[in-house]
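Following: one structure in structure tokens, then a few remarks.
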Amino acid sequence: MSGSASPPVLIVMGTTAAEPPPGIDAIAGVVDLRYAPDRDSLERQIAEAEIVYTWWGDREALEAAWPEARNLRWVAASNVGINQLLFPALVESDVILTNARGAADGPIAETVVGFVIAMAKGFLRMFDDQRAHVWGEQDLERLAGGRVLVVGPGPIGRAIARALRDGLGMRTEAVGRSARPGDGVFETIRGADELHAALAEADYVVDAMPLTPQTRHVFDADAFAAMKPTARFVNVGRGATVDERALVTALAEGRVAGAALDVFEEEPLPADSPLWDMEQVIVCPHMSGDVEGWEADFAAVFYDNVERWLRGEPLRNVVDKRLGFPAGG
């Protein structure tokens, strides 16, 4: 893809050469590597850039510098969620956008397994009883044979379903944008128009959706009303795919039995949110994929793509900027 006679200029946003992304030496010898720790430095340098890696940079800096980006051909997002990066000029341009899809699939799936086990086996009440020195016996839930519905059957959703199916013996189904045959991971994959019917059959519902105009508040009052009152809800997708007020109401009224939430409409979660004090809720501060070494895992996806770019090969994780996620996701 590059085709340049000299190494392409690659700008890393949001940091300096003194604090580079881990493993950057993997590409330092094959690109003209520069750093833009702030908006001013990005605006000064972006005219020469062929590639911009957002790392710890932000949308505002890139959008402000955009009019000077005369040679830019590829923007690489350092994370998986790119909805905050999709300003109009980038969307309308021919500049390629990629993300770090694939870097966190396994760790997020492990966290979801932990959430499901914690809710099924009464760990929340058990831990409270332990601190209070109470011998509180309770009947625990069998997970084998239980039905899991994954809404958003992309790579993260598939990793979650595979872990729950293979590790816990659960039955796994999905809802995607359109219906398609089941496969080795999901028994069935229904279309978005069948969401409420699918919710009515699930024991656990896992939201693994990206945030797009079509997925905003997919989980609203009607969606929670469609769920079984014994069902639990897990969100490792995006906070704004859920109407949080509707979720709080459903939990308070016993129309949903519990929830484990890694993402929220407002982050950090405000101190006055009712979710903090609900005994049937797990609040996880958006760290389901943050295992030791996670930054290196995310950066490695980009370095692999740089090598592909220099060889003229197709890039991984090219985002459909209209949809807001990589094609096929």
Side-chain angles (χ1 to χ4, degrees), residues 108-109 111-129 134 136-153 157 160-175 182 185-190 192 194-209 217-237 239 241-264 273-284 288:
I108 292 174
T111 300
V112 172
V113 170
F115 287 158
V116 170
I117 291 174
M119 290 187 285
K121 303 305 180 182
F123 285 175
L124 294 180
R125 177 180 158 188
M126 193 183 302
F127 295 155
D128 287 341
D129 287 348
V134 172
E137 296 180 1
Q138 55 180 316
D139 288 334
L140 308 180
E141 177 184 326
R142 185 191 305 274
L143 285 169
R147 299 171 72 97
V148 177
L149 178 70
V150 176
V151 184
I160 291 166
R162 190 178 295 110
L164 293 172
R165 181 200 65 186
D166 295 348
L168 300 177
M170 303 186 77
R171 299 179 59 187
T172 54
E173 300 173 310
V175 167
V185 176
F186 297 109
E187 293 182 11
T188 60
I189 304 175
R190 306 193 202 190
E194 297 182 83
L195 173 63
H196 288 188
L199 290 173
E201 301 171 2
D203 299 305
Y204 286 83
V205 175
V206 180
D207 178 352
M209 292 184 290
H217 283 193
V218 162
F219 281 97
D220 56 12
D222 290 340
F224 292 120
M227 291 172 59
K228 298 191 293 188
T230 55
R232 275 74 167 242
F233 177 70
V234 177
N235 190 5
V236 290
T241 61
V242 176
D243 180 341
E244 214 161 88
R245 290 185 178 181
L247 173 59
V248 168
T249 299
L251 289 163
E253 295 180 354
R255 289 185 279 113
V256 175
L261 309 170
D262 180 54
V263 290
F264 304 87
S273 170
L275 292 168
W276 287 111
D277 298 313
M278 290 183 152
E279 62 182 12
Q280 74 275 50
V281 174
I282 298 172
V283 171
C284 178
S288 64

Quiz item: When you check the gap from the basic side-chain N to the acidic O, do Asp203 and Lys228 get nearer than 4.0 Å?
Solution: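 Answer for the salt bridge query: yes.
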Under 3.5 Å: donor-acceptor pair, side chain of [X], backbone of [Y]:
{"X": "Gln138", "Y": "Gly122", "value": "yes"}
{"X": "Gln280", "Y": "Ala259", "value": "no"}
{"X": "Thr172", "Y": "Arg162", "value": "no"}
{"X": "Arg232", "Y": "Ala260", "value": "no"}

Practice problem: Dump the intermediate steps for side-chain contact (heavy atoms from CB on, under 4.5 Å) on Phe224 and Val242, then the final yes or no. | Solution: CA-CA 10 Å; Phe224 292 120; Val242 176; 4.0 Å; yes
Just so I know, are the side chains of [X] and [Y] near enough to count as touching, which here means a heavy-atom distance under 4.5 Å?
{"X": "Val206", "Y": "Val151", "value": "no"}
{"X": "Val248", "Y": "Leu275", "value": "yes"}
{"X": "Glu279", "Y": "Leu124", "value": "no"}
{"X": "Phe264", "Y": "Glu244", "value": "yes"}

Quiz item: For Glu187 and Arg147, what are the C-alpha separation, side-chain angles and deciding distance, and is it a salt bridge (charged side-chain N to carboxylate O under 4.0 Å, His left out)?
Solution: CA-CA 10 Å; Glu187 293 182 11; Arg147 299 171 72 97; 5.6 Å; no
Rounded to the nearest 0.5 Å, how far apart are [atom1] of [X] and [atom2] of [Y]?
{"X": "Glu194", "Y": "Glu173", "atom1": "CD", "atom2": "CD", "result": "10.5 Å"}
{"X": "Met119", "Y": "Ile282", "atom1": "CE", "atom2": "CD1", "result": "5.5 Å"}
{"X": "Thr188", "Y": "Leu149", "atom1": "OG1", "atom2": "CG", "result": "8.0 Å"}

Quiz item: If you draw a 6.0 Å radius around CZ in Arg125, do more than 12 non-hydrogen atoms from other residues or ligands fall strictly inside?
Solution: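 It does: Arg125 CZ has more than 12 such atoms within range.
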Practice problem: Answer yes or no: are there more than 12 heavy-atom neighbours, outside Glu137 itself, under 6.0 Å from its atom CD? | Solution: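 Not buried by this count: 12 neighbours or fewer within 6.0 Å.
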Exercise. I would like to know whether Arg171 and Val148 meet side-chain contact (heavy atoms from CB on, under 4.5 Å); could you show each step before the answer?
Key: CA-CA 6 Å; Arg171 299 179 59 187; Val148 177; over 6 Å; no
Quiz item: So Leu247 and Leu261, side-chain contact (heavy atoms from CB on, under 4.5 Å) or not? Walk me through it.
Solution: CA-CA 11 Å; Leu247 173 59; Leu261 309 170; 3.9 Å; yes
Exercise. Give the intermediate values and the outcome of side-chain contact (heavy atoms from CB on, under 4.5 Å) for residues Val234 and Val205.
Key: CA-CA 6 Å; Val234 177; Val205 175; over 6 Å; no
Exercise. Of all the heavy-atom pairs spanning Val150 and Gly157, show the shortest one and how long it is.
Key: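 For Val150 and Gly157, the tightest heavy-atom pair comes out as CG1-CA, 3.7 Å.
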Exercise. Begin from the C-alpha positions of Phe219 and Phe233 and carry the test ring-ring contact (aromatic ring centres under 6.0 Å, His included) through to its verdict.
Key: CA-CA 10 Å; Phe219 281 97; Phe233 177 70; 4.8 Å; yes
Quiz prompt | Under the side-chain contact (heavy atoms from CB on, under 4.5 Å) test, residues paired with Ile117 that sit two or more places apart | solution =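 Counting only residues at least two positions away or on another chain, Ile117 forms a side-chain contact (heavy atoms from CB on, under 4.5 Å) with Val113, Lys121, Phe123, Leu143, Leu168.
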